[in-house]
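Being a predicted model, the structure only gives us computed values, none of them experimental. When a residue number appears, it is its place in the shown sequence, counting from 1.
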Amino acid sequence: NSRINAATIPAATMSVGTSEIPPTTTTKYHLRVLTLLLCIVAIGVGHYYNSSSISRGGGDESSITRLADRGIHRQPINIEQPSSSSLPYCLNSQGLEAIIQKYPTIFLTMPSKASGSSLKEFAEQCMTEKYASRRQMSSSKDFFRPLDDNIVSGAISKAIVGPKFLMGNYELPSIIASHLYSYRPFISLLKHVTQQSLVIQFHRQETDRLRSGIQYILSHRLCHKNYSIPDYATNIVGGRIKNETHCTFKEELVVLLIQRKFGEVALASIPLLYTCDTYAAIKENEPNMILAHYKQSNLVQELLIKHHCPGLRKPVYTNSGGSLYPTLIALHNSARVVTLEEWLDRKMEYMEWSLKLKSDASCQAVTKHMEQDLLSCPQQTMEISPKLVESW
């Protein structure tokens, strides 16, 4: 609002305090005054916006530090957020290989319906090839004798398994694969493995495993293989009808078999592996451990072939589900018949709650966080540590 009027400036001189400014310097003087005023205004405006940014969340160093102490980390606007690939626990194929090649002994473990049959067949073929190569290079007559099926699970319940394993082969296998049917042998493994061993646990989401187990017992065991209906369900007249093209099950029979946890449903319906005791064992024993989604089985096999049995040409895949016979469900309160897939689509979200299939579960929140972290990794593979478990 300050304007300089040339008419108000004396012709001879202009006094400021005790100094006099000659007419020839008047214009320069007023330019300096204007510059000074603009600087003062600019400083004031900058201070105002800086204060406003702090109140809106920009914050000074001390406020950001206080927030960080509470676990809140602000990111500057317009700066790219960290991608999932930068998460420290995630492993890409290079990181996975770097870990695998460090350890001479590898345990491959998995729950039911999580690529276990393929991984066990792979381990046997890989070790057989490895032993065959060594026999060709030496005069040794030793050969690899296949291990007991699911040896890690058996070792906890049969005292004879441990000695039999030690004496079964002079040179013990560097890769052991086994299903896990309970948290107890899993905890035993995590407790007893040495620092030179690596555990690779394959994971499949619990409800997804349950669905796969139901499909297996109905379409494969009871329909294709024609297994006997259990005694407790034989009173359901016409519970299973099979012809040359398909099987039809009464809905009443299907629900009873699931509720009684028949066959593979017993192995897939209860989250037996991931319990509070399991997570405590990881924190207490700190095993060398990797968690991988079951669909990463081929990737893991390729890396193991490279470092343990290079003579094996490709990963092994076996379809443990066998032939899944076309299967229909006759609804209980209707004359309608639907496919098993359609029936499962309608019922799965309510199955575990309505039949109380997770009554023995514990630490489910931890498991959910674990699954979220696993799925956030680009290759759905991550390195497990006590610190990471603690964060869940």
Is there side-chain contact between [X] and [Y], with heavy atoms separated by less than 4.5 Å?
X    : Y    : value
V193 : N288 : no
E251 : W343 : yes
L357 : M351 : yes
I100 : E97  : no
P230 : L257 : yes
I229 : L253 : yes
H293 : R204 : no
Y181 : F186 : no

Identify the two heavy atoms, one from [X] and one from [Y], that lie closest to each other, and give their separation to 0.1 Å.
X    : Y    : value
H179 : S117 : CE1-N, 4.0 Å
H246 : T248 : CD2-OG1, 3.5 Å
P315 : E302 : CG-CG, 3.6 Å

Would a distance-only check, ignoring hydrogens and angles, find a side-chain to backbone donor-acceptor pair under 3.5 Å from [X] to [Y]?
X    : Y    : result
R240 : C247 : no
Q296 : L299 : no
Q379 : T381 : no
K242 : C223 : yes
N285 : P287 : no
S188 : R184 : no
S362 : T275 : no
K295 : Q380 : no
R209 : S112 : yes

- prompt: Cation-pi between R260 and Y232: NZ/CZ under 6.0 Å from ring centre and within 45° of the ring axis?
  reply: yes

- request: Just do the side chain to side chain contact (heavy atoms under 4.5 Å, CB included) check on M370 and T367 with the steps written out, would you?
  value: CA-CA 5 Å; M370 176 267 286; T367 301; 4.1 Å; yes

message: Pair L388, E390 - check side chain to side chain contact (heavy atoms under 4.5 Å, CB included), show working.
response: CA-CA 5 Å; L388 179 58; E390 190 67 39; over 6 Å; no

Does [atom1] in [X] sit with more than 12 non-hydrogen atoms of other residues, nucleotides or ligands closer than 6.0 Å?
X    : atom1 : result
E371 : CD    : yes
Q101 : CD    : yes
K356 : NZ    : yes
K387 : NZ    : no
N243 : CG    : yes

- request: Apply side chain to side chain donor-acceptor pair (under 3.5 Å) to the pair E342 and T339, showing each step before the final yes or no.
  value: CA-CA 5 Å; E342 291 173 323; T339 66; 3.3 Å; yes

Between [X] and [Y], does any side-chain donor sit less than 3.5 Å from a side-chain acceptor?
X    : Y    : answer
S118 : S115 : no
Q301 : S297 : yes
T318 : E121 : no
E286 : S385 : no
T327 : S219 : yes

field: side chain to side chain contact (heavy atoms under 4.5 Å, CB included) evaluation trace for I200 with T109
entry: CA-CA 6 Å; I200 303 180; T109 56; over 6 Å; no

- prompt: Testing V152, L198, L304 for side chain to side chain contact (heavy atoms under 4.5 Å, CB included) with L108, which one passes?
  reply: L304

message: Let me check something: do M110 and L303 share a hydrophobic cluster, defined by ILVMFWY side-chain heavy atoms less than 4.5 Å apart, either directly or through other members?
response: yes

field: Residues Q372, L374; criterion side chain to side chain contact (heavy atoms under 4.5 Å, CB included); working and verdict
entry: CA-CA 5 Å; Q372 291 171 0; L374 181 63; over 6 Å; no

task: Report the relative orientation of the aromatic rings in H203 and Y274; use parallel for angles under 30°, tilted for 30 to 60°, perpendicular for over 60°.
output: perpendicular

- prompt: Does E341 pair with R346 as a salt bridge, N-O distance under 4.0 Å?
  reply: no

- prompt: Could D345 and R211 be called an ion pair, given the rule that one side-chain N must be under 4.0 Å from one carboxylate O?
  reply: yes

